Colleague: 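Questions regarding the structure given below will be posed in turn.
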Number of protein chains: 2
Amino acid sequence: MAETESSTVIPQDFDGLKTIILERKAHLPKRLRQVAAYALDNPDEIAFGTAASIATSAEVQPSTLVRFAQHFGFEGFSSLQQIFRARLRERTPGYDERLRALSGNDHSKLESGSIFNGFVAAAHRSLDNIATSVDPEAFERAVNILAGAETIYLVAKRRSYPISGYMAYAFGKLKVKYQMVGTAAGVDDDILAMAGPKDAAFAVSFSPYASESVNQAKLLASRKVPVVSLTDSAFSPLAESSKVWFELVEADHAGFRSLSASMAFAMALTVAVAEKRRRNAPERE
Amino acid sequence: MAETESSTVIPQDFDGLKTIILERKAHLPKRLRQVAAYALDNPDEIAFGTAASIATSAEVQPSTLVRFAQHFGFEGFSSLQQIFRARLRERTPGYDERLRALSGNDHSKLESGSIFNGFVAAAHRSLDNIATSVDPEAFERAVNILAGAETIYLVAKRRSYPISGYMAYAFGKLKVKYQMVGTAAGVDDDILAMAGPKDAAFAVSFSPYASESVNQAKLLASRKVPVVSLTDSAFSPLAESSKVWFELVEADHAGFRSLSASMAFAMALTVAVAEKRRRNAPERE
DNA sequence: CGAAGAATAGAATATCCATTCCATAATTCC
DNA sequence: GGAATTATGGAATGGATATTCTATTCTTCG
């Protein structure tokens with residue numbers, strides 16, 4: 001019986017697969033090497049072709065394709081093919097192309113066009129930033145804190161409000177218990193009074209910081225509620241009340257800061273929390 | 001005998017197909033229109049799925065897909081599918097760098113990392129789309145309509161709510177008179193009753209369309225209030241009530257659609273409207 | 001209102017597909 | 001050099017696929 005899985009894991013994306021193929025290529029049997037070469041040279045063919053058509057074109061037997069896939073830990077050829085298809089789905093164009101698309105469109109010719117282009121470009125810049133400015137381990141810690149919470153309190157005002165607004169919508173869909181803070185004036189303190197160490201909070205505030213949000217975060221921290229926060233400066237008053245905090249500087253156009261990076265961050269956090277809960281929770285049925 | 005080929009030619013590429021579908025959209029039978037909408041909104045699904053899986057997801061019978069394909073002159077579903085696959089094949093190369101940049105960061109090593117990367121990538125993709133999918137002249141027209149309005153009514157529910165939420169914040173800062181619709185239940189109709197031809201409305205709704213938003217847009221249109229709308233399909237029920245409408249398909253990760261493009265669009269629209277007003281208004285001091 | 005026609009749903013079918021299996025060939029290792 | 005192991009080719013198979021066909025429902029138009 002051949003050990004297909006042995007020590008290594010099954011690659012989940014194209015890059016991972018490519019790496020492993022290149023690693024093992026040297027000591028691969030003849031026909032399998034042939035397939036390896038063909039696959040890396042003609043990824044599109046693998047994505048769309050059938051086992052029979054690919055086999056013909058790569059001058060091997062269909063069964064060789066199956067064996068190839070199994071050699072790398074996949075169940076069969078079909079599951080290997082998924083990787084190649086996902087690659088096409090998620091393919092992103094390069095940066096210069098992106099810029100060309102922007103300046104090449106007709107927008108620049110019209111009055112409002114430069115405003116439009118400006119905001120799209122700002123959003124792109126923000127997103128480019130986010131990958132380097134968010135520490136993966138901090139993200140992981142934040143996910144753990146929120147996933148372990150009974151109720152998640154969402155603190156945000158003004159410009160940050162749409163972000164927690166989205167999270168509220170998504171948490172609702174995902175059946176995660178949450179509570180918005182800052183909707184109607186006055187009742188906030190009553191809501192916060194119910195928060196305890198078993199819960200957690202997520203606060204968003206960018207400069208100029210809404211003093212209400214800062215105070216509410218402080219209050220929560222003093223009541224031993226772990227706070228995760230998203231802000232735009234290391235000196236943010238939110239930081240001191242937070243167990244984990246993220247600094248996220250949005251690019252701006254004409255003085256209006258983008259929200260794209262914060263939104264992407266919020267979505268990722270929301271889904272990651274729900275995903276973690278799903279995994280931790282025992283099956284119910 | 002059905003004349004499938006009749007006068008028109010069979011589309012050879014995706015753009016041609018899209019054009020023809022949009023042309024005939026109006027006088028297409030119910031189920032076929034349903035397929036048309038699904039196909040243009042989820043081209044990747046058509047490219048990769050099987051007739052059965054697509055049929056399920058579009059909520060039609062597999063045979064409907066075949067009829068749809070034949071209706072546009074193709075031999076069967078499979079040959080139609082080729083068009084959708086070619087679209088992916090011919091997408092400009094240069095894919096490598098961006099993907100490597102993302103998967104090369106430390107995020108990919110951690111559990112939640114791929115979620116994070118996924119959302120950033122989806123946001124990027126969305127923004128890439130926006131440049132080509134928004135018609136500059138339509139944008140200009142939309143700006144004119146909204147800039148000329150006395151009060152701007154913002155209609156949005158659920159997932160779209162954060163977008164109008166941001167616009168409300170920004171309009172407030174920019175001293176543009178606006179009115180949110182859809183906050184508390186019940187009072188909406190009273191608010192809408194005040195809208196007249198001198199005003200304008202901006203409605204946002206993505207599928208599955210909130211019927212409330214659709215009805216409110218209809219109501220506004222019937223009261224001669226010009227409506228500008230943002231939606232994700234050429235078949236959106238919002239389109240018919242709108243003077244100007246924009247189709248904006250957001251990329252998604254793990255089924256959660258990005259909001260980046262819509263946000264960038266909303267910001268651009270908001271600022272462009274304010275800018276136009278500033279120019280038109282006579283100096284006050 | 002009622003008939004003629006088109007559109008649809010759903011089962012039936014013939015085709016094609018990935019996979020498995022096994023006999024044979026090629027390597028490897030002693 | 002010969003036995004043990006691994007790789008390969010090619011046919012067999014069972015499952016899934018796109019497509020066709022027909023009874024039924026929905027439209028259209030007189």
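Naming: A, B, ... by sequence-line order, numbering from 1 per chain. Keep in mind that this is a model prediction, so the values were computed, not measured.
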Colleague: Expressed as a whole number of angstroms, how long is the span from B:Gln34:CD to C:dA7:C1'?
Modeller: 13 Å
Colleague: Take the protein atom CZ of A:Phe77 and the nucleotide atom C1' of C:dT19, then report the distance between them rounded to whole Å.
Modeller: 12 Å
Colleague: Would you say the side-chain atoms of A:Ser57 and A:Tyr38 include a donor-acceptor pair closer than 3.5 Å?
Modeller: yes
Colleague: Answer yes if the side chains of B:Ser205 and B:Ser213 hold a donor-acceptor pair under 3.5 Å, and no otherwise.
Modeller: no
Colleague: Does B:Arg31 reach the main-chain N or O of B:Val60 with its side chain, forming a donor-acceptor pair under 3.5 Å?
Modeller: no
Colleague: May I ask you to check whether B:Glu250 and B:Ser262 show a side-chain donor-acceptor distance below 3.5 Å?
Modeller: yes
Colleague: Would you kindly give the NZ-to-C1' distance between A:Lys30 and D:dT6, to the nearest whole Å?
Modeller: 15 Å
Colleague: Do any of residues 47-59 of chain B sit with a heavy atom less than 4.0 Å from DNA chain C, and if so which?
Modeller: none
Colleague: Between C:dA7 atom P and B:Arg31 atom CZ, what is the distance in whole Å?
Modeller: 14 Å
Colleague: Give each protein N/O atom lying under 3.5 Å from an N/O atom of nucleotides 20-23 of chain D, with the pair distance.
Modeller:
| unit_1 | atom_1 | unit_2 | atom_2 | d |
| --- | --- | --- | --- | --- |
| D:dT20 | OP2 | B:Gln70 | NE2 | 3.1 |

Colleague: Hey, does the side chain of B:Gln61 come within less than 4.0 Å of C:dT8's phosphate (OP1/OP2), counting only N and O?
Modeller: no
Colleague: Within this structure, what is the CZ-to-C1' distance between B:Arg33 and C:dT8, rounded to whole angstrom?
Modeller: 15 Å
Colleague: With a 3.5 Å distance limit and no angle check, can you tell me whether A:Thr270 reaches the backbone of A:Ala266 through a side-chain donor-acceptor pair?
Modeller: yes
Colleague: Find the distance B:His27:NE2 to C:dA6:C1' and express it as a whole number of Å.
Modeller: 17 Å
Colleague: Below the 4.0 Å mark, does C:dT8 have OP1 or OP2 next to a side-chain nitrogen or oxygen of B:Arg67?
Modeller: yes
Colleague: Rounded to the nearest angstrom, tell me the gap between atom CG in A:Leu80 and atom P in C:dA18.
Modeller: 12 Å
Colleague: Over how many whole Å does the gap from A:Gln81 atom CD to C:dC17 atom C1' extend?
Modeller: 11 Å
Colleague: For a quick check of understanding: with a heavy-atom distance under 4.0 Å over all strands, which category does B:Leu65 fall into, base, sugar-phosphate or nothing?
Modeller: nothing
Colleague: Determine whether the aromatic ring centres of B:Phe139 and B:Phe265 lie less than 6.0 Å apart.
Modeller: yes
Colleague: What do you reckon, are the aromatic ring centroids of A:Phe77 and A:Phe68 less than 6.0 Å apart?
Modeller: no
Colleague: Side chain of A:Ser78: nearest nucleotide among C:dT19, C:dT8, D:dA18?
Modeller: C:dT19
Colleague: Establish, for the pair A:Arg87 and A:Phe14, whether the NZ or CZ atom is under 6.0 angstrom from the six-membered ring centre and no further than 45 degrees off its axis.
Modeller: yes
Colleague: Does A:Gln34 use its side chain to pair, donor to acceptor, with the backbone of A:Glu59 at less than 3.5 Å?
Modeller: yes
